[in-house]
Amino acid sequence: MYLENIVFDAVEPRRLGRFWEAALGCERLTDSVDGYETRLTVEGGPVLDLCFQRVPDLSSSEPRLHLDLRGGADQAAETARLLGLGASHLDIGQGDVPWVVLADPEGNPFCVLKDRGAYGHAGPIAALPLDSADPDRDAEFWSWLTGWTPVQGEFRSLSHPSRRGPILELCPEPAPKRTAKNRIHLDIRLESGDRPDAVGAGIAERGGHEIQPGWGELPWRIYADPSGNDLCVLPARS
């Protein structure tokens, strides 16, 4: 199994996808009104697809997963570039902090960080902070699910085995997960030797559970991690 996708719910997938494609320097895969996909390849590290799927309305729940971007050598210049692409400043009560909080064209918050050694091999996405009720427990869950391994950080953190690409940070949640679906979630792709039922059992053994949304038969299965965060498990490629 491996982490394959960062998935955004979007009212206008094409508009949002093109923003993030330009922001991160990705390679376009799919461009349609109902779905947009673009690929981020980190040299020597993971390949992550950003997928934008159409929804009629966006969840009003507080975001539990967001992107932290590297500000590079000039954080102010990178912030100005992102504003020029369609981002906007966002006040979430952050106060005086060394990062800049912005919103993408559909209001999803993200941060632009000052350059730090810990993110030297991250690529354009420095980190993927995910709210967690129990970071120690959830770090073990996501490590098993993705194959990413622990690294030193401010929070319980996981990195691709190459030590390149973004860091998955399990951050203490400000409030428990509500029932509404996360606007941004992660997708796991099975490999040919993985058995879907065995993976589902492993998720349950580690505190997660399967979600039955009532959307009819789907080619993937939907789960929640032990803190309630949505994720999808995609079938192995044929």
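Computed over heavy atoms, backbone and side chain alike; hydrogens, waters and symmetry mates excluded.
- With salt bridges taken as basic N to acidic carboxylate O contacts below 4.0 Å, none links D230 and K181.
- Remark: T146 OG1 to L168 CG distance equals 7.0 Å, nearest 0.5 Å.
- A salt bridge links R237 with E4: the closest approach of a Lys/Arg side-chain nitrogen to an acidic carboxylate oxygen falls below 4.0 angstrom.
- In the hydrophobic clustering of ILVMFWY residues, with side-chain heavy atoms under 4.5 Å counting as a link, L190 and I222 come out apart.
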Check: What's the verdict on side chain to side chain contact (heavy atoms under 4.5 Å, CB included) for T149 and R163, showing C-alpha distance, side-chain angles and the deciding distance?
Finding: CA-CA 9 Å; T149 54; R163 292 298 182 258; 2.8 Å; yes
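- Q75 places a side-chain N or O within donor-acceptor distance of the main-chain N or O of P98, the cut-off being under 3.5 Å.
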Next item on the list: Given side chain to side chain contact (heavy atoms under 4.5 Å, CB included), test H209 with I211 step by step and report yes or no.
Entry: CA-CA 7 Å; H209 64 272; I211 298 173; 4.2 Å; yes
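- In plain terms, the two heavy atoms of D194 and M1 that are nearest each other are OD2-N, 3.1 Å.
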Next item on the list: Start with the C-alpha gap between I188 and W220, add the side-chain angles, then the distance that decides, and say whether side chain to side chain contact (heavy atoms under 4.5 Å, CB included) holds.
Entry: CA-CA 10 Å; I188 304 299; W220 58 85; over 6 Å; no
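- Within a 6.0 Å radius of CH2 in W99, no more than 12 heavy atoms belonging to other residues, nucleotides or ligands are found.
- Note that the CG atom of L128 and the CG atom of L186 stand 6.5 Å from one another [nearest 0.5 Å].
- With respect to R64 and E173, a salt bridge is recorded, a charged nitrogen being found less than 4.0 Å from a carboxylate O.
- For the atom pair CD1 of I125 and CG of L67, the computed distance is 4.5 Å after rounding to the nearest 0.5 Å.
- Proximity of V101 to H89: side-chain heavy atoms (C-beta onward) are nowhere separated by under 4.5 Å.
- Between the side chain of R81 and the backbone N or O of A77, no donor-acceptor pair lies under 3.5 Å.
- Residues R39 and T41 have side chains in contact (heavy-atom distance under 4.5 Å, counting atoms from C-beta outward).
- Between the CG atom in L158 and the CG atom in L170 there is a gap of 6.0 Å [rounded to 0.5 Å].
- Taking every heavy atom of both residues into account, A236 and R189 meet most closely at CA-CD, 4.4 Å.
- Formation of a donor-acceptor pair under 3.5 Å by the S143 side chain with backbone atoms of W148 is found in this model.
- Taking 4.0 Å as the cut-off between side-chain N and carboxylate O, R183 and D9 do not count as a salt-bridged pair.
- The closest side-chain heavy-atom distance from L102 to L90 is not below 4.5 Å.
- A side-chain contact (heavy atoms from CB on, under 4.5 Å) with D68 is found for exactly one of L113, V112, I167, namely L113.
- A salt bridge links R221 with E210; the closest basic N to acidic carboxylate O contact falls under 4.0 Å.
- Both L218 and L234 sit in one connected hydrophobic cluster of ILVMFWY residues. Membership requires side-chain heavy atoms under 4.5 Å apart, directly or through other members.
- For S227 (side chain) and A133 (main-chain N/O), a donor-acceptor pair under 3.5 Å exists by modelled atom type.
- Counting heavy atoms of neighbouring residues, nucleotides and ligands inside a 6.0 Å radius, atom CZ of R195 does not exceed 12 of them.
- Using a 4.5 Å heavy-atom cutoff, the side chains of D31 and T38 are not in contact.
- Residues E191 and Y2 have side chains in contact (heavy-atom distance under 4.5 Å, counting atoms from C-beta outward).
- In this structure, L50 and V7 have side chains that are not in contact, with every pair of non-hydrogen atoms separated by 4.5 Å or more.
- Judged purely by atom type and a 3.5 angstrom limit, R54 uses its side chain to pair as donor or acceptor with the backbone of V11.
- With hydrogens and angles disregarded, a donor-acceptor distance shorter than 3.5 Å links the side chain of N229 to the backbone of D131.
- Within the 4.5 Å cutoff, no side-chain heavy atoms of D115 are placed close to those of Y119.
- Between R15 and P105 the shortest heavy-atom distance is NH1-O, 3.5 Å.
- Here CG of L40 is found 7.5 Å from CD1 of I6. Values are rounded to the nearest 0.5 Å.
- Summarising the geometry of P219 relative to P235, their closest heavy-atom pair is O-CD, 3.0 Å, with the distance given to 0.1 Å.
- Proximity of the aromatic rings of W20 and F110 is defined here by a centroid distance below 6.0 angstrom, and this criterion is met.
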Check: Can you list the steps and then say if C111 with H66 is a side chain to side chain contact (heavy atoms under 4.5 Å, CB included)?
Finding: CA-CA 8 Å; C111 300; H66 70 272; 4.0 Å; yes
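- Remark: E21 does not engage R18 in a salt bridge, criterion side-chain N to carboxylate O under 4.0 Å.
- Y36 is not listed as a side-chain neighbour of L16, based on a closest heavy-atom distance of 4.5 Å or more.
- Summarising the geometry, atom CZ belonging to F141 is positioned 5.0 Å from atom CD1 belonging to I203; distances are rounded to the nearest 0.5 Å.
- Surrounding CD of E106 are more than 12 heavy atoms belonging to other residues, nucleotides or ligands, all under 6.0 Å away.
- In this structure, D134 contributes its side chain and R137 its backbone to a donor-acceptor pair below 3.5 Å.
- Residues G44 and S162 come closest through the heavy atom pair O-CB, 3.2 Å.
- Contact record, L48 with P166: CD1-CG, 3.8 Å, taken as the closest heavy-atom pair.
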